Amino acid sequence: MSLQDADADDAGFGARIRSAIFWRSGSQIISQMMSWVVTLAVIRLLDPADYGLFAMTQVILNFATFLNGYGLVSALVQSEKLDSHRLRQAFTIMLLLNGGLALLQLGVAPIAADYYDQPMVADLLRVQALLYLSTPFISIPEAIMGRALDFKRPALVNLIAAFASAAVALVGALSGWGVWTLVFAPIAGFWVKGLGYVLATGFRPIPSFDFRGTGAMVAYGASLLGGQLFWIVQSQADIFIGGRVLAPHQLGLYAEALFLTQIFVSKFIPPLNDVAFPAYARMQKDPSRVAWSFCKAVRLLLLISCPVYLGMAVTAEPLVETLFGAKWLEMAPFVSVLALAMPFMTLQVMFAPVSNALGRPGTTARIAGVGALLMPVAFLIGITFGAIGLAWAWLGAFPILTVVTARLAGAPMGLRLIDLIRAAAPGLGCAILMAGVVLAVDRILPPLAAPIRLAVLVPAGGIAFLAALMLCARGTLMELVALVIRRAPPVQAPA
């Protein structure tokens with residue numbers, strides 16, 4: 001292949017990546033905006049105790065998720081060839097695994113209710129077992145489309161599924177379903193997504209019980225299980241520990257503060273990681289290129305996320321009252337603390353697709369193992385100070401976990417810690433300056449209603465952040481603008 005052909009191939013691949021990011025993230029933004037409007041309405045209608053009960057069930061669901069076979073999907077994306085027989089084999093394995101998980105949850109439901117001393121938890125878990133049965137119909141079509149970097153079709157399906165889930169949530173909240181609103185809404189969304197994915201790809205969900213040749217696929221998926229299990233322990237330990245000690249009301253305040261502060265990292269980073277995994281896999285023979293691309297992604301994402309996080313931290317009180325209503329005001333201190341930990345979490349979760357794409361899922365597992373030890377210990381210490389202690393545990397432990405992650409996952413691609421600090425510095429540094437300005441403005445404001453106070457602080461923060469970027473990180477700002485606004489190259493005049 002000539003150099004010109006290689007450049008053309010890279011340019012075409014780059015165009016596909018930009019298109020994938022547009023459809024994957026763009027649809028995510030639209031669907032999330034729609035669901036957030038409904039979510040805010042639902043939160044105002046429900047009570048913190050409803051969210052506390054729901055959070056208790058999520059520990060069980062998320063803990064079982066590591067066994068749902070999604071590692072097989074990564075194996076399918078990374079494999080050199082993919083045929084219908086291999087897809088049917090993977091579908092059958094997924095069907096068996098998730099059917100078993102549904103039955104297991106039915107048995108675990110009363111035990112979980114006894115642990116939390118909340119009988120309602122058992123009923124909620126029995127109905128939520130329906131979620132597992134939709135997984136095979138979602139995961140295999142996802143592998144088909146993800147492998148082809150086709151994110152347009154799933155984007156449209158995701159929008160329809162988000163609308164279905166939001167509609168059920170709104171009807172439930174208005175009809176007085178209480179905590180059941182939070183159960184039926186995701187079930188509707190998952191099943192609509194599964195049906196839509198099958199129709200979009202034309203995949204025929206016919207099981208094949210001929211498992212010959214699936215050893216490598218199962219082995220790759222199994223190699224990810226350790227990391228997934230450790231991640232579940234790390235991410236669910238707070239609710240598992242707090243749920244036994246705290247009342248549903250206090251647990252609900254903490255859980256919703258965590259939801260609010262994790263919106264960016266949980267809703268926008270996963271779609272970008274979905275695109276990043278096949279992109280990094282394409283570049284796996286050139287680690288220096290992977291490291292350069294990773295640092296660029298860090299620089300741009302923190303430029304967007306850090307002002308959001310630090311803005312939440314310094315405007316927590318008017319933000320919570322404006323979005324959720326006065327009955328949720330007790331949530332504000334949790335938001336202030338948790339938001340400060342989220343830049344570290346955003347950076348930390350960006351490493352997983354790099355390690356997996358470089359064929360090193362064991363690195364992800366080791367990192368998750370560190371988190372599975374560090375975070376529960378932090379939560380056990382924090383819970384002695386009540387619900388707010390769980391929030392402080394995030395801020396105390398996650399920076400340590402991020403440094404460990406950078407050392408372990410950065411080594412295979414030659415990433416130095418100083419390179420990572422330089423990449424993170426523009427977004428984080430300018431956001432800190434912005435937060436200082438917002439605090440100063442808030443201090444001199446007279447007493448105002450929460451929406452008016454927020455309407456003053458948000459523009460002040462935006463202006464301060466842009467000014468800081470122009471003074472301290474103009475090049476990074478121009479890089480972001482160039483990525484968002486793709487200008488066509490100038491046409492050369494004929495000789």
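Please read all numbers here as calculations on a predicted model, not as lab measurements. Scope of the values below: all heavy atoms of this structure, side chains included, with no hydrogens, waters or symmetry mates.
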Tyr197 and Ser139: side chain donor to acceptor below 3.5 Å: no
Residues in salt bridge (Lys or Arg N to Asp or Glu O under 4.0 Å) contact with Asp114, at least two apart in sequence or another chain: none
Exercise: identify the closest heavy-atom pair between Met312 and Val335: O-CG1, 4.1 Å
Reported CD-to-CG distance for the pair Glu317 and Asp442, which is rounded to 0.5 angstrom: 8.5 Å
Residue list, side chain to side chain donor-acceptor pair (under 3.5 Å) with Gln118, at least two apart or on another chain: none
Spacing of OH belonging to Tyr309 relative to CG belonging to Leu428, to within rounding of 0.5 Å: 12.0 Å
Aromatic plane relationship, Phe137 with Trp191 - under 30° parallel, 30 to 60° tilted, over 60° perpendicular: tilted
Heavy-atom check, side chain of Phe379 versus side chain of Ile239, under 4.5 Å: no
Residue pair Gln105 / Arg126, side-chain heavy-atom distance below 4.5 Å: no
Pair Gln348-Thr402, side-chain donor/acceptor within less than 3.5 Å: no
Audit row: Tyr132, Leu61, side-chain contact (heavy atoms from CB on, under 4.5 Å) steps and yes/no: CA-CA 9 Å; Tyr132 300 113; Leu61 264 71; 3.9 Å; yes
Which residues share a salt bridge (Lys or Arg N to Asp or Glu O under 4.0 Å) with Glu321, sequence neighbours left out: none
Which residues share a salt bridge (Lys or Arg N to Asp or Glu O under 4.0 Å) with Arg244, sequence neighbours left out: none
Gap separating the CZ atom of Phe54 from the OG1 atom of Thr181, nearest 0.5 angstrom: 10.5 Å
Min side-chain heavy-atom separation Leu340-Trp394 under 4.5 Å: no
Exercise: identify the closest heavy-atom pair between Gln234 and Gly371: OE1-CA, 3.3 Å
Min side-chain heavy-atom separation Glu256-Leu260 under 4.5 Å: no
Under the side-chain contact (heavy atoms from CB on, under 4.5 Å) test, residues paired with Leu40 that sit two or more places apart: Leu323, Phe324
Any Ile160 side-chain heavy atom under 4.5 Å of Val157 side chain: no
Centroid-centroid under 6.0 Å between Phe63 and Phe240 rings: no
Sub-4.5 Å side-chain heavy-atom contact between Leu46 and Val179: no
Heavy-atom side-chain proximity of Trp328 to Tyr51 below 4.5 angstrom: yes
Nearest non-hydrogen partners of Leu433 and Ala468, listed with the distance: CD1-CB, 4.1 Å
Minimum heavy-atom distance Pro141-Pro136, with the two atoms named: CD-O, 4.1 Å
Sequence-distant partners of Val38, side-chain contact (heavy atoms from CB on, under 4.5 Å), two or more places apart: Val42, Ala166, Ala169, Leu170
Note, Val171 side chain near Phe184 side chain (heavy atom, < 4.5 Å): no
Distance (rounded to the nearest 0.5 Å) between Ile388 CD1 and Leu338 CG: 7.5 Å
